[in-house]
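The structure under discussion appears below in the form of structure tokens.
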Amino acid sequence: MAMAPCNVRHARREDVPTILEMIRELADYEHELDAVEATETTLLSTIAFAPDNVESTSIAPNAEPTSPSRPARCLLLFNEEGKPAGMALYFYNYSTWRAKAGIYLEDLFVRPTDRKKGYGKKLLVELAKEVVATNGGRLEWSVLKWNEPSIKFYELIGAKMMNEWVGMRVDREGLTKLASLLD
């Protein structure tokens, strides 16, 4: 299947309403809409954006530097009509065993009306190009166990399920408690 025409670029500040819409659409798909706390204000302060009217691609990300308070980047995909159709929100990680940087894909989303056009693959290819261009070690992400269509898609493009690993998380009150555990 040939991929439908599209354009991918790093998000700009003006794209924040679109990013938030897509985050909410993804959360709704995952039955977690009530869990979304992101706002336009918090996204503006935590994503490293590309400057207006400047070309910024996955191979040459011309964007604000990432930092502990602004750790994320976002690729946006626009369909053949120039409308926002998908996003890949990501941040950089590190492999100690490989001593190489990589990318952790926090959210990949393609709007339902734009699926089956190759857009999800295009976003993953762009992220892979960035990892390769920076001599990185890997591109990784998590997927919900019940999301069989996505799991099958990921396996078709060469991703391997990491069954030997279990995700762990500390947040909210647990994070505050852990931070003061030895006080």
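As the structure is a computational prediction, the values presented were derived from the model and not from experiment.
Salt bridge annotation for Glu126-Lys129: present, with a cationic side-chain nitrogen under 4.0 angstrom from a carboxylate oxygen.
Distance CG/Leu124 to CD1/Ile157: 4.5 Å, rounded to 0.5 Å.
For Trp146, the CH2 atom is densely surrounded, since the number of other residues' heavy atoms within 6.0 Å is greater than 12.
Between Tyr154 and Trp141, the distance separating the two ring centers is shorter than 6.0 angstrom.
Listed by chain and number, the residues in a side-chain hydrogen bond (donor to acceptor under 3.5 Å, both in side chains) with Asp107 amount to none (sequence neighbours excluded). Under the ring-ring contact (aromatic ring centres under 6.0 Å, His included) criterion, Tyr94 pairs with no residue, sequence neighbours left out. Ala101 pairs by the side-chain contact (heavy atoms from CB on, under 4.5 Å) definition with nothing, not counting sequence neighbours.
When all heavy atoms of Arg70 and Ala48 are compared, the closest pair comes out as CG-N, 3.5 Å. Closest heavy-atom contact between Tyr90 and Leu105: CB-CA, 4.1 Å. Here the shortest heavy-atom pairing between Met3 and Gly118 reads SD-O, 3.4 Å. Shown here for Ala128 and Leu139, the closest heavy-atom pair between the two residues is N-CD2, 4.1 Å.
Panel note: side chain Arg138, backbone Lys100; no donor-acceptor pair is recorded below 3.5 Å. A donor-acceptor contact shorter than 3.5 Å links the side chain of Thr46 to the backbone of Thr42.
Between the side chains of Asp183 and Ser180, no donor-acceptor pair is found at a separation under 3.5 Å.
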